Amino acid sequence: MHQCFSSVVCRPYILPLMTSHDRTDHSRPQPVHWADQTANRIISDKGPRGADRPHYTCASGITPSGTVHIGNFREIISVDLVVRALRDAGHSVRFIYSWDDFDVFRKVPANMPNQDILAGYLRRPITDVPDPFGELSSYAERNERDLETVLPEVGVDPEYIYQAPKYRASEYAPGIRTALEKREVIRAILDEHRTTPLPDDWWPVSVFSRFSGKDTTKVVGWDGEWGLTYRCEETGEQETVDLRVTDLVKLPWRVDWPMRWKVEGVDFEPAGKEHHSAGGSFDTAKRVVADVYGSAPPVTFKYDFISIKGRGGKISSSTGEVIGLAEVLEVYEPQIVRYLFAGTRPNAEFAISFDLDVIKIYEDYDRCERIAFGVEEVGEKRAAKERRTYELSQFGPTSYPPAVGRMPLQLPFRTLCNYLMITAGDIDAALDRFAEYDPAVHADELPRLRRRAICAWNWITSCAPEDFRFELKDGSEPPVALAPQELAAVHAVRDEVSSRLDSHDEKSMQERIYEIAHEQGVDKRRIFAVLYDVLIGKERGPRLGGFLITIGRQRLLQILDRY
RNA sequence: GGGCGGCUAGCUCAGGGGUAGAGCAUCUGACUUUUAAUCAGAUGGUCGCGGGUUCGAAUCCCGCGCCGCUCACCA
């Protein structure tokens, strides 16, 4: 049993249930994957499904107050993985994603265009802020759409809930009224952790002014039922609204969150570490949902932050670049994005790398796949974990095990990069260079293979270190200056290529280079440096024997004929 | 000040009462040494410190120490 999961957050609600069955049932082994462990916890904490619980409800959500970045994505994918685990266990699940687009626009993010236009809309609900790109109906929708468009690419497809229309249609009016009725209960809960107590005239609601559109208002009274009176601080105007029809009132975050748990019947929702400490918003929300709304808080866990390695370092820099899911998908294929998150415990921080680590991640994933298919043998415990991680990384109709019934063709990332550099990014030409790749056999895998190739090429052109990159010459460049013996060696290589390249394999070609070095009296280290210089203008390069064969006779002669 | 997490091999981390683990690094060997290539093998740790429980503790309990994060505005 993981210590972190029995934190104070849930203790009052899980203890009675756990003693009744799961804890005492030793016949069933603990699942190896955190998503399955969480699913089990949801089932045992929340009880079996039944008439009043036809499905488990798993929730995620965020304020679309800016570009949704990869750190925010951790929450969504974490929920998705738990949803998968519940469904794999045979349960019906509702997966909701709440956009808090009735939230206030507090500051203009650096990565948005038309900054001064946006600045004019501060303190209004983000659903009323215009799209700075001038395409969609609002700033909120811009940020929502950007994420909603890309999520299906990683197999995530929640039911979206938009809070602005719900608030404006007064769907939450009963919840707001309850908050007003329990004003002092809420105040007491929030005050417990505040340095300065909430002022006497504090109310658990915020109101957007009908006169200014902004939330710079003050509640001046409540009639005990549906009538709420506020004053607009900007215009001095005052009016009384009916909660059942007004489109101006919302709950503050710490009350809004538990209210929605109650309304949607949320059984599970994780939260970032900024929410998950004593006095944090989850901590107060779980008390508010219990003491104000009379409902048990969801099962939860805390997820840690994501950092970025090899590309600026921060997810969201003040200079404007934001690393979102779309940026990660430029370099990592979708299953590997899932693999990154499925393979890391949520409460562990990790970095998404854009540097040389990318190669290792691809290799790790391919190994995981081999283990999952039993092609590579490891210990049973490790195998079980890798298998499950692999399963959770797959999605869609070709989910594990694939319909074709065999392990997908693996194109090693490093080799793929080399081939792409030789073909200057021509993906089909690069795929053709793989001996294992047979268009007739692998036709159904072509989209996936192409996707990997696109990622590899993106990585080479925008992330890979200079040392790694090369560009094959085309023969139009001025020849490299060489000593006579070196020139003779190059000629010998040219002759070899011209007459016998096709009869060589990687190894024999490599050996032939050594022979030529010996025959021409060139140092064996030196001949490699010379050939790399001639071919790609660098001192080092991919292992030469295979490299020459890969480049092919025609392109080699195009270059070598200059000598 | 409160809360959470970490402290295990040189590095990154897994393990969580029963002989201390992996990858990378290092070293040795192989491939007539070539992008941080591949293969075989080896070296390497008082599991932060101090107590306790136990036949047995890296693991559970108590205390302490660093390091980091987070809340105490807003969300």
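Computed from a predicted model, the values in this text were never measured in an experiment. Per chain, numbering begins at 1; letters A, B, ... match sequence-line order.
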Sidechain N-carboxylate O distance under 4.0 Å for [X], [Y]:
X	Y	value
A:Arg287	A:Glu192	yes
A:Arg106	A:Asp215	no
A:Arg512	A:Glu519	yes
A:Arg260	A:Glu264	no

Inter-nucleotide [atom1] distance ([N], [M]), Å rounded:
N	M	atom1	answer
B:rG16	B:rC73	C1'	39 Å
B:rC4	B:rG63	P	12 Å
B:rG15	B:rA36	C1'	29 Å
B:rU8	B:rC49	C1'	15 Å
B:rG50	B:rU12	P	23 Å
B:rU43	B:rC55	C1'	34 Å
B:rA22	B:rG45	P	14 Å
B:rG5	B:rC74	P	25 Å

Does a side-chain N or O of [X] approach OP1 or OP2 of [N] to a distance below 4.0 Å, or not?
X	N	value
A:Lys360	B:rC24	no
A:Arg254	B:rC73	no
A:Arg543	B:rU34	yes
A:Arg345	B:rA14	yes

Report the distance from atom [atom1] of [X] to atom [atom2] of [N], rounded to the nearest whole Å.
X	N	atom1	atom2	value
A:Ile516	B:rU34	CD1	P	16 Å
A:Asp357	B:rA25	CG	P	13 Å
A:Leu544	B:rU32	CG	C1'	15 Å
A:Leu198	B:rC74	CG	C1'	13 Å
A:Gln510	B:rU33	CD	P	9 Å
A:Asp304	B:rC69	CG	P	11 Å
A:Phe282	B:rC74	CZ	P	19 Å
A:Phe413	B:rA37	CZ	C1'	16 Å

Considering only side-chain heavy atoms of [X], which listed nucleotide, [options], is closest?
X	options	value
A:Arg194	B:rC71, B:rU34, B:rC74	B:rC74
A:Glu274	B:rC71, B:rG2, B:rU34	B:rC71
A:Arg540	B:rU33, B:rU34, B:rA72	B:rU34
A:Arg414	B:rC4, B:rA36, B:rC69	B:rA36
A:Glu511	B:rU34, B:rG2, B:rU32	B:rU32
A:Phe305	B:rC69, B:rU34, B:rC73	B:rC69

**Message:** Return whichever of A:Lys250 or A:Tyr532 has its heavy-atom-nearest nucleotide of RNA chain B closer to the 5' end.
**Reply:**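 Whichever sits nearer the 5' end wins; that is A:Tyr532.
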**Asked** When the nearest nucleotide of RNA chain B is assigned to A:Trp253 and to A:Leu356 on a heavy-atom basis, which residue is associated with the more 5' position?
**Response** A:Leu356
At under 4.0 Å between heavy atoms, what does [X] touch on the DNA or RNA strands: base, sugar-phosphate, or nothing?
X	answer
A:Asp100	sugar-phosphate
A:Lys538	nothing
A:Phe528	base
A:Gly541	base
A:His518	nothing
A:Arg106	sugar-phosphate

Need the pair for [N]. Rule: Watson-Crick or G-U wobble, both distances under 3.5 Å, any strand; none if unpaired.
N	value
B:rA58	none
B:rG1	B:rC71
B:rA30	B:rU38
B:rU12	B:rA22
B:rC47	none
B:rC7	B:rG65

**Candidate list A:Tyr172, A:Phe208, A:Tyr162, test ring pair (Phe, Tyr, Trp, His ring centres under 6.0 Å), partner A:Phe102, passing option** = A:Phe208
**Prompt:** For A:Glu496 and A:His504, does a side-chain donor sit closer than 3.5 Å to a side-chain acceptor?
**Reply:**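 Yes.
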**Prompt:** Cut-off 3.5 Å, side chains only: do A:Ser281 and A:Trp253 have a donor facing an acceptor?
**Reply:**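 On atom types as modelled, these side chains qualify, holding a pair under 3.5 Å.
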**Request:** May I have all residue pairs that pass salt bridge (charged side-chain N to carboxylate O under 4.0 Å, His left out) and include part of residues 529-548 of chain A, sequence neighbours excluded?
**Result:** none
